[in-house]
**Student:** 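Pasting in a structure now, in structure tokens, and then I'll have a few things to ask.
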Amino acid sequence: MQSVHLDWLERAGIELALLRLDQVDALVSGNKWFKLAPYLKQAADLGLEGVMSLGGAHSNHLHALAAAGARFGFRTVGLLRGEEQDNPTVADLRQLGMQLHWLGYGGYRRRHEADFWKHWRERYPDLLPVGEGGGGLPGAQGCALLVAQIRGQLAGLGWSDYQQLWVACGTGTTLAGLVLGEDGAHPVVGALAVPPGHGVEEQVPELLTEAGVEASGYRLVDASRGGFARIDPELARFILDSEAESGVPLEPLYTGKLLLALRDEVAAGRIVRGSRIVAVHTGGLQGRRAMQERLQELAAQRE
Ligand SMILES: *Cc1c(COP(=O)(O)O)cnc(C)c1O
């Protein structure tokens, strides 16, 4: 955990600490590692040789899986959305030893159908299939451990407590895990990286109910700025300025949008002076490499 200095926080009398999951390992980065860990244990317990999973061509999840396979010596297969392409993420996946299959767009859309995995299970009987992004209750439970990690590091910041815990949401699995870990101790705020109505509102209570707890202790704010992966000039400028000021690298899909949504809440006076906030830096920086130029172009544009 690291305390972060940004002008707009200081002026509002609010302190922010980031849990830097982008720094847990040189290769295996971000919340995706915590979502994956329970599945890796399942695969090991079943005596399997490795794991296969799904994602897009910039997927942080497939990147973490491939990196974990390389780090710990198990086999990985990635089923990718769309037609074969090259980008820094795909180059890493290959280099990390992941075997890739490109499913096209239609083929990828079939992933929710009941018999989707049948073919892949037959082809790879020694691999554990894991759904997109490492979702599901095991993925959430892997993230519940983060709350203990936060608690253990508060003293190092000179903090005795905090008032809110913030995290960016794609599917809401990580958020559900943090709610489980908090068990009511602190409210968790989920900053939606996908627009409202794209499943997080249902997914989080479903996971909490499946875990046998009440679906409460969190709220959602719309951080999506009109679309998942949509980047506008204000966001691009905010990211580049915040990075320069704080020294913390961000990316525009999740962590940049999270901090901008936090700034908007602070500006709207919805967070009281004297508050201490913990936000999870969920990583994803590998995906930024393909976007650097675009960020700079957008930041240079006038409103
Ligand atoms: C996947 C991802 C998220 C969202 O996690 P969910 O558990 O799907 O809500 C947030 N930040 C980054 C960097 C991610 O890669």
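Ligands are counted one by one from 1 in listed order, and the atoms in each one are counted from 1 as well.
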**Student:** Tell me whether K32 forms a cation-pi arrangement with Y254, defined as NZ or CZ under 6.0 Å from the six-membered ring centre and within 45 degrees of its axis.
**Tutor:**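 Flagged: K32 positioned over aromatic ring of Y254.
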
**Student:** Could you say whether the N/O atoms of T171 and ligand 1 ever approach to under 3.5 Å?
**Tutor:**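 Right, the criterion is met.
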
**Student:** Taking the six-membered ring for Trp, is the centroid-to-centroid distance between H186 and Y162 below 6.0 Å?
**Tutor:**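 Centroid separation for H186 and Y162: below 6.0 Å.
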
**Student:** Exactly one of E251, K257, R288 should register a side-chain contact (heavy atoms from CB on, under 4.5 Å) with I239. Which one does?
**Tutor:**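 For I239, the side-chain contact (heavy atoms from CB on, under 4.5 Å) test succeeds with only one of E251, K257, R288, which is R288.
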
**Student:** Would you say ligand 1 has an N or O under 3.5 Å from any N or O of N31?
**Tutor:**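 Indeed, backbone or side chain, N31 has an N or O that close.
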
**Student:** Which atoms of ligand 1 have any heavy atom of T174 under 4.0 Å away?
**Tutor:**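 Those atoms are 5 (O), 6 (P), 7 (O).
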
**Student:** Which one of L178, T282, D22 has a non-hydrogen atom at the shortest distance from atom 13 (C) of ligand 1?
**Tutor:**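 Closest candidate by heavy-atom distance is T282.
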
**Student:** Name the option, out of K257, R288, K32, that contains the heavy atom nearest to atom 14 (C) of ligand 1.
**Tutor:**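 Closest candidate by heavy-atom distance is K32.
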
**Student:** Determine the interplanar angle of the Y124 and W120 rings, folded into 0 to 90°, and report it as parallel if under 30°, tilted if 30 to 60°, perpendicular if over 60°.
**Tutor:**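 Ring orientation, 0 to 90° scale: parallel.
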
**Student:** Suppose I only count heavy atoms of N60 and a 4.0 Å limit; which atoms of ligand 1 are within that range?
**Tutor:**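 In order of numbering, the contacting atoms are 13 (C), 14 (C), 15 (O).
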
**Student:** Quick one: pull up CG in D264 and CG in L259 and give me the separation to the nearest 0.5 Å.
**Tutor:**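 Nearest 0.5 Å value for the CG-CG distance: 11.0 Å.
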
**Student:** Any atoms of ligand 1 less than 4.0 Å from a non-hydrogen atom of G283? List them with their elements.
**Tutor:**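 Checking each atom against G283, I get 13 (C).
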
